[in-house]
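The figures that follow rest on heavy atoms only: side chains count, while hydrogens, waters and symmetry mates do not.
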Amino acid sequence: MIPEHVTIIMDGNGRWAKQQGMQRLFGHRAGADSVRACCEYAVEKGIRYLSLFAFSEENWSRPKDEIDGLMELMIKSVIEEEPVFMKNNIRFRVIGDLSKVPSRVCEHIRECEEHTMNNTGLTLIIFLSYSGKWDIVQAVNRYAADREKGMVPPVCTADIFSGYLSTAGIPDPDLMIRTSGEQRLSNYLLWQCAYTEFYFTDVLWPDFRKEHLQNAVSEYEKRERRYGKTTEQLNK
């Protein structure tokens with residue numbers, strides 16, 4: 001069965017650039033081709049949500065020239081890809097703590113989100129300036145504020161709490177892919193990936209193409225998702 005939501009930790013841009021004898025930003029630019037390839041595959045296969053971990057909250061500690069280059073790359077990508085989103089009925093969303101993101105970048109993001117909001121095909125989600133711990137903390141604070149106002153029940157359930165996360169209304173990932181051989185979550189979607197299937201590959205992100213995504217999806221389709229139940233219970 002095709003996963004409804006595939007999420008990818010796009011890792012290895014810097015190592016790929018180093019192998020080419022280039023600066024890290026060269027790897028980030030090359031990774032844009034991988035994003036296009038994955039979007040094309042998702043549209044072709046009917047995957048409803050494709051989310052990409054583009055920039056973590058911790059990445060703000062990187063060298064200023066790399067951060068500035070990444071922000072400019074985000075603007076360039078949004079401008080260039082919007083016509084493609086419209087042509088292919090793709091809805092574009094960005095999730096994260098955008099209070100730290102330059103206003104120019106936010107402006108282009110908001111415009112693209114508004115222009116594509118009525119598209120009904122693939123939803124492409126970019127996680128920008130995001131961390132799983134930040135997401136949980138902001139959800140706790142929002143819930144606490146609403147509880148003080150008497151707007152929510154005094155006892156919080158998992159379903160209620162999920163509604164306060166930045167991903168409210170988006171199904172949890174069925175499949176999480178991480179490239180470049182690393183095998184950790186890196187503070188990404190800590191709540192949402194509780195029952196996600198993980199797939200790790202040594203392929204560096206700029207080299208990741210449709211066939212690599214197909215391999216991950218094929219592996220996912222072989223797995224039995226039991227959610228804590230036995231096989232016998234699932235087959236009843």
Side-chain angles (χ1 to χ4, degrees), residues 1-13 15-16 19 27 30-54 56 85 88-93 95 119-127 130-132 135-136 158-159 162 165-236:
M1 185 175 182
I2 291 288
E4 181 180 21
H5 182 178
V6 175
T7 192
I8 306 176
I9 299 178
M10 306 180 294
D11 200 8
N13 290 338
R15 276 166 281 173
W16 185 89
Q19 290 176 2
D33 291 335
S34 301
V35 173
R36 294 188 192 98
C38 289
C39 285
E40 289 174 4
Y41 176 88
V43 170
E44 291 169 3
K45 297 300 179 180
I47 293 171
R48 299 295 300 164
Y49 296 85
L50 174 65
S51 58
L52 307 172
F53 195 19
S56 72
F85 296 156
N88 292 285
N89 197 27
I90 296 173
R91 183 183 181 190
F92 177 74
R93 287 193 61 185
I95 293 175
N119 290 346
T120 58
L122 171 71
T123 295
L124 172 64
I125 304 163
I126 304 297
F127 283 91
Y130 176 88
S131 87
D135 200 359
I136 291 170
D159 286 341
S162 293
L165 293 168
S166 63
T167 54
I170 299 170
D172 291 342
D174 300 296
L175 172 64
M176 191 279 284
I177 301 167
R178 182 163 187 158
T179 60
S180 86
E182 303 294 346
Q183 299 186 17
R184 58 180 180 273
L185 274 176
S186 294
N187 199 8
Y188 179 55
L189 295 178
L190 300 179
W191 176 279
Q192 297 88 337
C193 282
Y195 273 102
T196 298
E197 295 292 325
F198 292 173
Y199 178 89
F200 302 106
T201 175
D202 291 333
V203 177
L204 301 178
W205 178 247
D207 291 326
F208 197 85
R209 290 296 183 270
K210 288 184 181 182
E211 61 267 27
H212 301 113
L213 183 50
Q214 174 63 65
N215 291 341
V217 170
S218 295
E219 173 62 28
Y220 166 85
E221 292 176 322
K222 298 175 185 176
R223 299 182 186 180
E224 182 180 62
R225 305 185 72 194
R226 296 191 296 273
Y227 300 97
K229 298 180 180 180
T230 66
T231 302
E232 291 74 15
Q233 287 175 308
L234 290 175
N235 290 335
K236 284 184 179 179

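A distance of 12.5 Å separates OH in Tyr41 from CG in Leu122, rounded to the nearest 0.5 Å. The structure places CG of Leu124 at 12.0 Å from CD1 of Ile47, a figure rounded to the nearest 0.5 Å. Rounded to the nearest 0.5 Å, atoms NZ (Lys45) and CD (Glu40) are 13.0 Å apart. Taking CD of Gln214 as the start and CD of Glu44 as the end, the distance is 10.0 Å to the nearest 0.5 Å. For the atom pair CD (Gln183) and CZ (Phe198), the distance works out to 11.0 Å, reported to the nearest 0.5 Å. Note: Cys38 SG to Ile8 CD1 = 4.0 Å, rounded to the nearest 0.5 Å.
Looking at Asn187, its side chain does come within 3.5 Å of a backbone N or O of Gly132 through a donor-acceptor pair. Between the side chain of Thr179 and the backbone N or O of Asp11, at least one donor-acceptor pair lies under 3.5 Å. In terms of modelled atom types and a separation under 3.5 Å, the side chain of Trp16 and the main chain of Gly27 share no donor-acceptor contact. The backbone N or O of Trp205 lies less than 3.5 Å from a partner atom in the side chain of Ser34, making a donor-acceptor pair. Remark: side-chain polar atoms of Asp135 are paired, donor with acceptor, to backbone N or O of Ser166 under 3.5 angstrom.
Partner Ile170 forms a side-chain contact (heavy atoms from CB on, under 4.5 Å) with one of Arg48, Arg93, Gln192 and no other, that one being Arg93. The side-chain contact (heavy atoms from CB on, under 4.5 Å) with Ile177 is formed by just one residue from the set Leu213, Thr7, Val217; it is Leu213.
Two residues are said to be in side-chain contact when any heavy atoms from C-beta on lie closer than 4.5 Å; Arg225 and Tyr220 meet this criterion. Proximity of Tyr188 to Ser56: side-chain heavy atoms (C-beta onward) are nowhere separated by under 4.5 Å. Contact of the Asn215 side chain with the Tyr199 side chain is registered, since non-hydrogen atoms from C-beta on lie closer than 4.5 Å. Between Cys193 and Asp172 the shortest side-chain heavy-atom distance does not fall below 4.5 Å. Between Arg91 and Ile125, every side-chain heavy-atom pair lies at or beyond the 4.5 Å cut-off. Using a 4.5 Å cut-off on side-chain heavy atoms (C-beta onward), Glu4 and Tyr49 make contact.
With 3.5 Å as the limit, one finds a donor-acceptor pair spanning the side chains of Thr120 and Asn89.
Between Arg184 and Glu182 there is a salt bridge, with a side-chain nitrogen of the basic residue lying less than 4.0 Å from a carboxylate oxygen of the acidic one. Glu219 and Arg223 are joined by a salt bridge, as a carboxylate oxygen and a charged side-chain nitrogen come within less than 4.0 angstrom of each other.
In plain terms, the two heavy atoms of Lys210 and Ala37 that are nearest each other are CG-O, 3.5 Å. Residues Leu175 and Ala216 come closest through the heavy atom pair CD2-O, 3.9 Å. The shortest non-hydrogen separation linking Leu204 to Ser180 is CD2-CB, 3.6 Å. Contact detail for Ser51 and His5: the closest heavy-atom pair is OG-NE2, 2.8 Å. A pairwise comparison of heavy atoms in Pro173 and Leu189 identifies CG-CD1, 3.9 Å as the closest pair. What you find for Leu185 and Arg178 is that their closest heavy atoms are C-NH1, 4.2 Å.
In this structure, Tyr130 and Phe127 have perpendicular ring planes: the angle between them is above 60°, well past the 30° mark. Using cut-offs of 30° and 60° for the angle between ring planes, the Phe92 and Phe85 rings count as parallel.
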